[in-house]
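Written below as structure tokens is the structure these notes are about.
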Amino acid sequence: GPFFFCKSSSSRHRTRTFVAMQGDGASATTKNNSDLKIPHVLTVAGSDSGAGAGIQADLKACAARGVYCSTVITAVTAQNTVGVQGVNIMPEDFVAAQLNSVLSDMQVDVVKTGMLPSTDIIKVLHQSLREFPVRALVIDPVMVSTSGDVLAGPSIVSGFRDNLLPMADIITPNIKEASALLDGMQLATVSDMYSAAKLLHCFGPRNVLVKGGDLPDSSDAVDIFFDGENFHELRSARVKTRNTHGTGCSLASCIAAELAKGSPMLSAIKVAKRFIETALDYSKDIVIGNGPQGPFDHLLRLKSTSRSCRPEAFNPSDLFLYAVTDPRMNKKWGHSITDVVKAAIEGGATIVQLREKDADTGSFLEAAQACIEICHHHRVPLLINDRIDVALACDADGVHIGQSDMPVRVARALLGPEKIIGVSCKTPEHAHQAWVDGADYIGCGGVYPTNTKENNLTVGLDGLKTVCLASKLPVVAIGGIGISNASDVMKIGVPNLKGVAVVSALFDRECVLTETKKLCAVLTEAI
Ligand SMILES: Cc1ncc(COP(=O)(O)OP(=O)(O)O)c(N)n1
Ligand SMILES: Cc1nc(C(=O)O)sc1CCOP(=O)(O)O
Ligand SMILES: [Mg+2]
């Protein structure tokens, strides 16, 4: 595309760089270990006035993924859905001042770069990263905006290659950017993308992700990931929509957010891709602007009335009637695990959890493998309580873990982005942490006293409501719930309470089928 005339601010209008003196020397806040450290991404990018890409997209993507995002602005663009009408590049000394302000004061986990429009700015960033090293550096080598306008001159290429690629944990070029970084190498096929990823790795980044969204006439979008040893082909269904402006930089900021939360690289990429695909699918019919390329809605998850969108691996409405099994009750009534699971599903259970606190691994796995067949035959998810190893061994749909079980981030790293992870939460803090850690839902209880779980704190309907209001995740209520009180539970009037989880109301009964049907009728009536 045409090079854009960048209005450089003349000395007369040069942005004055000044360092605001601390007034009385603000006293440093005392740190104690109960302080809540929230994962933190610093984005170094340009402002997009249309807010579909750039700094604005990074802020929204990080918010959607539950991490804090600070910002260093490298340029201010006048752009919209038609293209880029103007670019005002920030003087490098002021970029350096912004970098110093953030990095000298805040605990930044990951730096993510977007538009870096001058080699001087690249050099001050390089210097700052040496002075203030961070855990990970994500380089999204923005050279051509998705509206096709060049946002950076050709001299930038050597700046990226010499100063930033050697420091990068991952670079995420699209086809055009990869070509530009490789002095105009032709990229027309997937195999060209493999070659480009390998060549780019030679410049020093630990990982390379060549994004294939712009590959001509490819059916679904394929990205090539290379970590220096192995290649991975990451395919995702192509969403037919004009609203793709900002997808590239948002993917990179989502990767940065997941890395900041502790995910390993490949899992971070998969979670980020799934999020972008879901957000695009949700936003595909939104109309913003009159040009050929609109922005998408990063914040779909925060909409309580989220419209139908591509079902992610987990559908919150699966929480409607959540059956949690109990071996002691099966033994008491002479029921087999497969019989009670079949009966619960036939009676209307929408999700099943095998909860075997004392079983040996062998018999737990045997039961799980038998139940997987039944559940998948009825397209009902099967989760395993506590035991990640058993869940992995039988390829269950996910796990439910408590506050003293394996940490969610570790479970997520082991299970990958597609598996369902539920977390037991009794407080708003538990709920917040579950969201930050990437859980899919939370179980909140005990709503009422229960004999099924010993020494269990009862939170009551008020406690349940407090947690639901604080939770950005869907919630299932649990603890002493049955046909006599399920309606009261469902009527507390919070949109993200999606159902009830029950043990004895179904399984400490002679006929599981009958009891499940009755509870299903009560719940259906209540919503
Ligand atoms: C949906 C749901 N919510 C809560 C629990 C409780 O889990 P459990 O392993 O029994 O106890 P904690 O480990 O959470 O203390 C559950 N199983 N399912
Ligand atoms: C497994 C479990 N978790 C709880 C929690 O509060 O997290 S209460 C509970 C037992 C629920 O059994 P019943 O439906 O028989 O009361
Ligand atoms: Mg547990």
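Numbering of ligands and ligand atoms starts at 1, following listing order.
Ring planes of Y68 and H40: perpendicular class, angle over 60° (limits at 30 and 60°). Ring planes of F314 and Y441: tilted class, angle from 30 to 60°.
Under a 3.5 Å cut-off, the side chain of D440 and the backbone N or O of I421 do form a donor-acceptor pair. At least one donor-acceptor pair under 3.5 Å links the side chain of N496 to the backbone N or O of S471. Looking at R412, its side chain never comes within 3.5 Å of a backbone N or O of D437 through a donor-acceptor pair. Judged by distance alone, the side chain of K60 and the main-chain N or O of A51 form a donor-acceptor pair under 3.5 Å.
The side-chain heavy atoms of V134 and L103, taken from C-beta on, include a pair separated by under 4.5 Å.
For the Mg ion (ligand 3), the tally of protein N/O/S atoms lying closer than 2.8 Å stands at 2.
With atom 12 (P) of ligand 1 as the reference point, the heavy atom nearest to it among H430, K453, Q403 is part of K453. Residue nearest to atom 9 (O) of ligand 1, selected from K357, R387, K426, R355: K357 (by heavy-atom distance).
Look at R206 and D169 and you find a salt bridge, because one of the NZ, NE, NH1 or NH2 atoms lies within 4.0 Å of a carboxylate O, short of that distance. For the pair K332 and D326, the salt-bridge criterion is not met [side-chain N within less than 4.0 Å of a carboxylate O]. A salt bridge links K419 with D395; the closest basic N to acidic carboxylate O contact falls under 4.0 Å.
Exactly one of D386, V399, L414, D389 qualifies for a side chain to side chain contact (heavy atoms under 4.5 Å, CB included) with M406. That residue is L414. If you run side chain to side chain contact (heavy atoms under 4.5 Å, CB included) between C444 and each of V423, V476, L497, L464, only L464 comes through.
Ranking protein heavy atoms by distance to atom 18 (N) of ligand 1, first place goes to Q353 NE2, 3.0 Å.
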Atom pairs and distances, side-chain donor-acceptor, residues 482-495, under 3.5 Å, sequence neighbours left out:
| unit_1 | atom_1 | unit_2 | atom_2 | d |
| --- | --- | --- | --- | --- |
| N485 | OD1 | G482 | N | 2.9 |
| N485 | ND2 | G480 | O | 3.0 |

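Residue G443 has at least one heavy-atom neighbour below 4.0 Å for each of these atoms of ligand 1: 3 (N). In the vicinity of V476, heavy-atom distances shorter than 4.0 Å reach the ligand 1 atoms 1 (C). For ligand 1, the atoms sitting less than 4.0 Å from at least one non-hydrogen atom of S424 are 4 (C), 5 (C), 6 (C), 7 (O), 12 (P), 14 (O), numbered in the order shown with element in parentheses. Listed by number with element, the atoms of ligand 1 under 4.0 angstrom from any heavy atom of N385 are 7 (O), 8 (P), 9 (O), 17 (N).
Annotation: side chain to side chain contact (heavy atoms under 4.5 Å, CB included) contacts of A272 (sequence neighbours excluded): L251, C254, I255.
With a 4.0 Å heavy-atom cut-off, ligand 1 is reached by the side chain of D405 but not by its N, CA, C or O.
By the 3.5 Å distance cut-off applied to N or O atoms, Y441 is not counted among the residues near ligand 1.
Within 4.0 Å of ligand 2, protein heavy atoms come from R355, K426, G445, G446, T450, T452, K453, N456, I478, G479, G480, V502, V503, S504.
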